[in-house]
Undergrad: 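Take this structure first; my questions come after.
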Amino acid sequence: MSKISIIGAGNVGASLCEQLALSSLCKEISLVDIYENVAIAKAEDISHLCCALGLECEIKASKDYEIIKNSQIVVVTAGSPRKEGQSRDDLLLINAKITSQIAQNIAKFAPNSIIIQVSNPLDAMVFVALKHSGFEREKVLGMAGILDEARMKYQIQKLVGFKDIKTLVLGGHGDDMVALSRFCTIDDKPLEEYLTHEQIEKIINNTKHGGAEIVKNLGTSAYYAPAAGVFKMIKAILGNTHESMECAVYLDGEYGYKSVVSGVPIVLGKNGAEKIIELELNNEEKKQFEKSVNSVYELIKVLKKNNY
Ligand SMILES: NC(=O)c1ccc[n+]([C@@H]2O[C@H](COP(=O)([O-])OP(=O)(O)OC[C@H]3O[C@@H](n4cnc5c(N)ncnc54)[C@H](O)[C@@H]3O)[C@@H](O)[C@H]2O)c1
């Protein structure tokens, strides 16, 4: 039966642990955090939840990486979250140090696992995790597009109600994310059949700033929906479903880019990214994607200069 480990028992890590325990998707969850007492307390609390609901899931917690042995998937949520007024990029070097150490520990204790990176700045942290774990690129993925698409879907849903809404967001998980309205549908029809051009523009803008709005009101970044984004990826990997979803991956020529990480549609299965899907983008979409990729290249330059 499946074992999942989560590094960082903070808001996203603990929410994910709870969602996994409630789902009965795995039988064992390990939580690692530098604040061991906090991780132990959360593991106990969620174990009590399981007992209350009659669910069987063993949850362990420690500051030591021994407990991640034999994990199929290791989710990395450790790091500093965004504070008000702080961009995801401000977190770059703080979280690069944390991520590189964690990636080395994952390679040592769970060498056959798939890494799902969550800490920001997301695309740059996937790059660090890939380099410092030494894993193949198929096994180091980042979660962001699923969250951004959920935020876009919510904006549309507020206007049209509960319909079959499909959204698509590519590129980096930052202010340059590329919300592709041309690929979005409401009950399989183009957005334009339900919404005006101005409404679509507003939806795209609100999608980009949905995270910052939560940070402003909450004082920290979102966690229920980010955890759900990871949950969706875990479900596809453990179930070997071959579903396609937007995830951050290292590009090696796809979309015309190399040596960079960006959010693109991938097919997910038991071995991680089974395929990278290349969509036919028009010139305007290519331009937006290029801008987004270029901002990740800039972060990678800083990382390389600092030996990450
Ligand atoms: N990709 C996304 O869409 C997305 C969404 C939300 C949050 N995030 C990012 O996820 C990260 C976590 O967010 P959060 O709200 O859970 O933060 P949080 O502060 O609640 O939790 C982070 C946890 O990491 C732990 N930690 C720090 N350094 C560690 C280390 N070296 N080893 C082990 N544990 C360590 C902390 O003790 C803390 O418990 C942040 O970087 C945040 O920006 C990403």
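Count residues from 1 along the sequence. For ligands, and for the atoms within them, numbers begin at 1 and follow the listed sequence.
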Undergrad: What do we get for Ala222 next to ligand 1 when only non-hydrogen atoms under 4.0 Å count, side chain, backbone, both or neither?
TA: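 The answer is the backbone.
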Undergrad: Sequence neighbours left out, what passes salt bridge (charged side-chain N to carboxylate O under 4.0 Å, His left out) with Lys258? Give chain and number order.
TA: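 Checked Lys258 against salt bridge (charged side-chain N to carboxylate O under 4.0 Å, His left out); matches are Asp252.
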Undergrad: Which ILVMFWY residues are connected to Leu49, directly or by a chain of links, through side-chain heavy atoms under 4.5 Å apart?
TA: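 Via sub-4.5 Å side-chain contacts, Leu49 links to Leu22, Leu53, Leu55.
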Undergrad: What I want to know is whether Asn120 and ligand 1 share at least one N or O pair that is separated by under 3.5 angstrom.
TA: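 N/O-N/O distance below 3.5 Å exists for this pair.
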Undergrad: So, Glu298 and Lys301, do they make that salt bridge, N to O below 4.0 Å?
TA: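 Counted as a salt bridge, because a side-chain N and a carboxylate O are separated by less than 4.0 Å.
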Undergrad: Quick one: do Glu18 and Lys42 make a salt bridge, cutoff under 4.0 Å?
TA: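 Result for this pair is no, no salt bridge flagged.
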Undergrad: I want to know if ligand 1 touches Leu91 in the polar sense, i.e. an N/O pair below 3.5 angstrom.
TA: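 No - when backbone and side-chain N and O of Leu91 are compared with those of ligand 1, no distance drops under 3.5 Å.
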Undergrad: Quick one: which ligand 1 atoms are inside 4.0 Å of a heavy atom on His173?
TA: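 Listed by number with element: 1 (N), 2 (C), 3 (O).
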Undergrad: Report yes or no: does Asp187 contribute a side-chain atom to a donor-acceptor pair with the main-chain N or O of Asp164 at less than 3.5 Å?
TA: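 It does hold such a pair.
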Undergrad: Could you list the atoms of ligand 1 found under 4.0 angstrom from a heavy atom of Asn95?
TA: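 Counting from 1, the qualifying ligand atoms are 41 (O).
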Undergrad: If you measure from each non-hydrogen atom of Met143 to ligand 1, which part falls under 4.0 Å: side chain, backbone, both or neither?
TA: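 For Met143, the contact with ligand 1 is made by both the backbone and the side chain.
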Undergrad: At a non-hydrogen distance cut-off of under 4.0 Å, which region of Ile34 contacts ligand 1 (side chain, backbone, both, or neither)?
TA: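 Both backbone and side chain.
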Undergrad: Below 4.0 Å from any atom of ligand 1, is there a heavy atom belonging to Tyr35?
TA: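 It does, in that a heavy atom of Tyr35 comes within the 4.0 Å cut-off of ligand 1.
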Undergrad: May I ask you to identify, for Leu147, whether its side chain, its backbone, both or neither come under 4.0 Å of ligand 1 on a heavy-atom basis?
TA: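 Contact part for Leu147 vs ligand 1: side chain (C-beta onward).
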Undergrad: Can we say Glu254 and Arg137 salt-bridge, meaning some charged N sits less than 4.0 Å from an Asp/Glu carboxylate O?
TA: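 Answer for the salt bridge query: yes.
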Undergrad: Have a look at Ile102, Ile94, Val118 and point out the one with the heavy atom closest to atom 44 (C) of ligand 1.
TA: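 Comparing heavy atoms across Ile102, Ile94, Val118, the nearest one to atom 44 (C) of ligand 1 lies in Val118.
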Undergrad: Would the distance check show the side chain of Glu138 and the main-chain N or O of Ala273 forming a donor-acceptor pair, the cut-off being under 3.5 Å?
TA: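 No; zero donor-acceptor contacts below 3.5 Å.
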Undergrad: Would you check whether Asp33 has a nitrogen or oxygen atom less than 3.5 angstrom from a nitrogen or oxygen atom of ligand 1?
TA: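 Looking only at distances, the answer is yes, because the N/O contact criterion of under 3.5 Å is met.
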Undergrad: For ligand 1, which is the ligand I care about here, please tell me if Asn11 has any N or O atom under 3.5 Å from one of the ligand's N or O atoms.
TA: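 In this structure, Asn11 places an N or O atom under 3.5 Å from an N or O of ligand 1.
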Undergrad: Counting each atom of ligand 1 from 1 as listed, which ones have a heavy atom of Val12 under 4.0 Å away?
TA: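 So the answer, numbered in order with elements, is 7 (C), 13 (O), 14 (P), 15 (O), 16 (O).
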Undergrad: Which is it for Ile98 and ligand 1 at heavy atoms under 4.0 Å: side chain, backbone, both or neither?
TA: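 Answer for Ile98: side chain.
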Undergrad: Got an N/O contact under 3.5 Å between Pro226 and ligand 1?
TA: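 It does not: no N or O of Pro226 is found under 3.5 Å from an N or O of ligand 1.
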